[in-house]
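Note that the coordinates shown come from a computational prediction; the quantities given were computed from them, not determined experimentally. Every number for a ligand or one of its atoms is a count from 1 in the order of the listing. For this chain, numbers begin at 1 and follow the sequence in order.
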Amino acid sequence: MFTRLAKICLLVVAGGIATASWAAVPAPPVNQNIGIPDGVFNDLERRNCWYCHASDRLTPDDLTEIGWTFDPPEIKPGIITNRHHGRIGQVIQDPTDAPFGTPGEVYECIACHVMEFNPDLGYFEVGKNFENCLNCHQQIPGQASVHHLTAPAQALNCQHCHGSLVDNPGDGHYIPTNRPPTSVTPRTSIGKGPNGEGACDFCHATGTDVTGRLIPGNDVNHHSTGIGQDGISGLGCNVCHDQMGTDWAIRKCQDCHGIKSIHNIQADSNNDGIITIGGEDPGFGHIGSSPEDCNGCHGGYLAASFMPAPFSGPVTPELAGLSQQSVTAGSTAAITITGTSFINEVLTFMGPMEIKSRARLTAPDGAVTELAPDTVSVSSMDVTLPATLSPGSYYLRVVKGRSESNPMPLVILPYVAIEGVSRTGNSLTVSGSGFGSYMNAVGSGTGITVAGAACTVDSWTDSEIVASCEETSCGGLAVESIFGSAYEEVSCN
Ligand code: HEC
Ligand code: HEC
Ligand code: HEC
Ligand code: HEC
Ligand code: HEC
Ligand code: HEC
Ligand code: HEC
Ligand code: HEC
């Protein structure tokens, strides 16, 4: 089949490829509208983590300093605290970044936190070790970035964070290994087309992008993750290279950049919101314009005028934000999801056809809940979370056909409620739910008071607190848990 295509191509080549429309196009290097910005991230400092994980803590000066002058993937500020606290009561993973936690046991405050005695004031305070992300999450400066030392990355589950912009090695996606490379087969670099087309670096080359930022080359972007680099882990160069420098080299790259993902990467060129396969300006992705976009990879040898690329259809959607990233268990919640390409148009012989997205929620244990949207437009979607979700740290993704977006975290917080209070002498037993764990330190955000006076905690589980309070104390009883507060009137007789 491919040979036939190649032959037709030659005919078209005569008609002249690589028309001058490229001049209007900002490549190389390409724009940075899609996916993770291309770059090196293995020298991050604490404030850089907040750039993506809690962006409100950054000032414009920080941005200049780290050279990022465009919007990062949006992750709601503050969510990061909830994501950690959402682990309380769950089993500690193996391996774990918890500095004082033992895998297999349950996360408590002191798996992560330290209590420090303040001799001047005579009480314990919450130590400051939690302030620097890199106290617990490792990177190897200059060599490996924090995300790529995680268990999913080391297991070559790149889609866990990059979504369907890439495939995962070994997931069974189609790679044309049954035929040798032809003049149509893209090269990794140094394309053989008349103008140097026919390679990834025809567009993804180092240079200054439209925003004025320096984009490194593909070798630097990949090597700096630490994946497959010497002395980092058991992974080696062969994750990405087997026959480097030859026409075959691209086939190894297809372990992650298979036709299925490659032929579905496309941005909106004219800002009308909708991505039309085959109907966008050239230079904004891989399949916007046929044959111009096709030629960049296929060297101009593909007879691609108005030809749809195989496997193209559900352009990989991108998730930019959630109206809420923390919700309370036990009741339904309406969430608005924003992003791009939630709907796209495919040109068929019958005319344009729309493909729509839905949402998918993945629980900490991997269980999947599909959420049919209440409404969906190209850039936004409303979903209702069911009341039945158990507490924990979830991932939400937008799914269109076979394509999955990048994930955004969504934490289901336990519902804090007092169900009963009993008293024996000065001992109060409070039963209920969502109490989490207790940390006996000033500023821990956990504790129990009656009529404003603090009680001494004798024991504290997620569902029962036993505390010593004044025998005569009565009135408003308040439980302050890491997940919220609950109140109950204690009768005075
Ligand atoms: C360029 C944006 C960006 C920066 C900078 C960044 N992160 Fe992330 N991080 C992400 C994204 C995107 C994910 C995947 C989605 C998620 O879990 O939020 C992620 C996931 C994580 C995870 C979860 C890993 C897992 O196993 O799922 C950890 C831990 C993490 N980041 C820590 C850090 C630390 C520590 C820093 C600073 C050294 C940092 N991040 C800087 C974007 C960023
Ligand atoms: C899995 C690790 C982990 C566990 C378990 C944990 N924490 Fe934290 N906690 C953190 C991290 C990390 C931060 C800082 C997050 C940030 O900077 O956004 C934090 C922040 C805090 C803060 C400061 C909040 C703020 O807004 O500045 C307090 C107080 C706190 N934790 C108390 C507790 C208590 C009490 C418990 C047990 C009920 C607990 N934590 C359990 C990791 C943890
Ligand atoms: C005191 C230790 C500690 C600090 C400091 C810390 N983390 Fe974590 N973090 C953990 C632990 C423990 C986990 C749970 C996974 C594990 O056991 O390795 C975790 C998990 C995460 C996750 C995945 C949470 C999820 O949804 O399941 C992200 C993202 C993350 N950390 C980012 C950060 C960022 C960003 C910072 C700095 C603001 C930070 N962490 C600071 C210990 C820490
Ligand atoms: C835990 C989430 C996570 C996983 C899993 C993950 N990545 Fe990343 N990746 C990120 C984040 C966040 C960034 C930007 C910050 C950084 O590099 O640490 C990034 C950046 C990159 C970059 C550079 C940016 C770019 O667009 O060129 C490359 C290349 C990359 N990752 C490759 C991989 C490969 C290969 C795998 C699978 C073996 C993988 N990643 C798995 C989160 C992840
Ligand atoms: C015709 C020019 C062109 C060629 C050739 C090309 N790309 Fe792209 N590619 C783009 C454009 C434009 C984007 C969208 C960039 C953006 O806006 O973020 C893109 C985006 C991507 C993305 C997702 C975003 C990112 O930056 O990570 C991946 C992955 C990618 N290309 C891989 C490849 C691979 C692998 C090759 C070689 C087989 C290749 N591309 C060749 C134009 C090209
Ligand atoms: C995660 C994927 C990945 C891994 C693992 C990887 N590389 Fe690369 N490497 C690339 C990419 C992408 C390029 C750019 C290819 C191109 O444009 O031809 C590249 C280019 C190169 C080049 C030629 C360009 C240059 O001058 O840097 C060399 C040499 C190289 N890699 C060596 C290695 C070695 C040695 C290892 C193992 C220690 C390794 N690579 C591991 C992705 C990877
Ligand atoms: C193990 C998986 C994996 C392999 C193998 C791999 N890449 Fe990538 N590549 C990625 C990921 C992940 C990204 C970042 C996607 C994003 O921005 O979210 C990426 C991004 C790219 C991009 C977009 C520009 C950039 O630098 O971000 C190009 C071009 C690219 N890869 C080329 C190559 C080439 C050439 C090879 C083979 C030498 C290769 N890749 C091998 C995972 C891989
Ligand atoms: C980012 C690079 C890139 C772009 C742009 C691109 N392709 Fe491809 N395409 C590939 C790769 C890689 C292969 C696999 C080639 C191989 O291994 O021999 C492929 C394979 C194909 C094949 C053969 C499929 C098979 O069954 O083996 C066709 C036909 C094709 N592309 C058409 C198109 C058309 C039409 C366009 C433009 C609408 C296009 N491609 C744009 C990278 C690209």
Here the atoms of ligand 3 under 4.0 Å from any heavy atom belonging to Ala98 are 12 (C)
Atoms of ligand 3 less than 4.0 Å from Phe130 heavy atoms? 5 (C)
Checking heavy atoms under 4.0 Å, the part of Arg87 that sits near ligand 3 is side chain
Going by the 4.0 angstrom heavy-atom rule, the piece of Val411 near ligand 3 is neither
Suppose we measure from [atom] to each protein heavy atom; which comes out shortest, and what is that distance?
| atom | value |
| --- | --- |
| atom 14 (C) of ligand 4 | Ile36 CG2, 3.4 Å |
| atom 28 (C) of ligand 4 | Thr225 CG2, 3.5 Å |
| atom 4 (C) of ligand 4 | Cys161 SG, 3.4 Å |

For ligand 1, which atoms, with element, lie under 4.0 Å from some heavy atom of [X]?
| X | answer |
| --- | --- |
| Leu134 | 38 (C) |
| Leu44 | 5 (C), 37 (C), 38 (C), 41 (C) |
| His160 | 27 (O) |

Can you check which of Asn406, Leu235, Asn221 brings a heavy atom nearest to atom 27 (O) of ligand 4? Asn221
Should one rank His148, His147, His222 by closest heavy-atom distance to atom 19 (C) of ligand 4, which comes out on top? His148
Using a distance threshold of 2.8 Å, what protein N/O/S atoms lie below it relative to atom 8 (Fe) of ligand 3? His84 NE2, His137 NE2
Can an N or O of Asn157 be found at a distance shorter than 3.5 Å from an N or O of ligand 4? no
With under 30° as parallel and over 60° as perpendicular, where do the rings of His148 and His162 fit, or are they tilted in between? parallel
Are any of the N/O atoms on Thr150, whether in the backbone or the side chain, positioned under 3.5 angstrom from an N/O atom of ligand 1? no
Short version for Gln139: what comes under 4.0 Å of ligand 1, heavy atoms counted, is neither
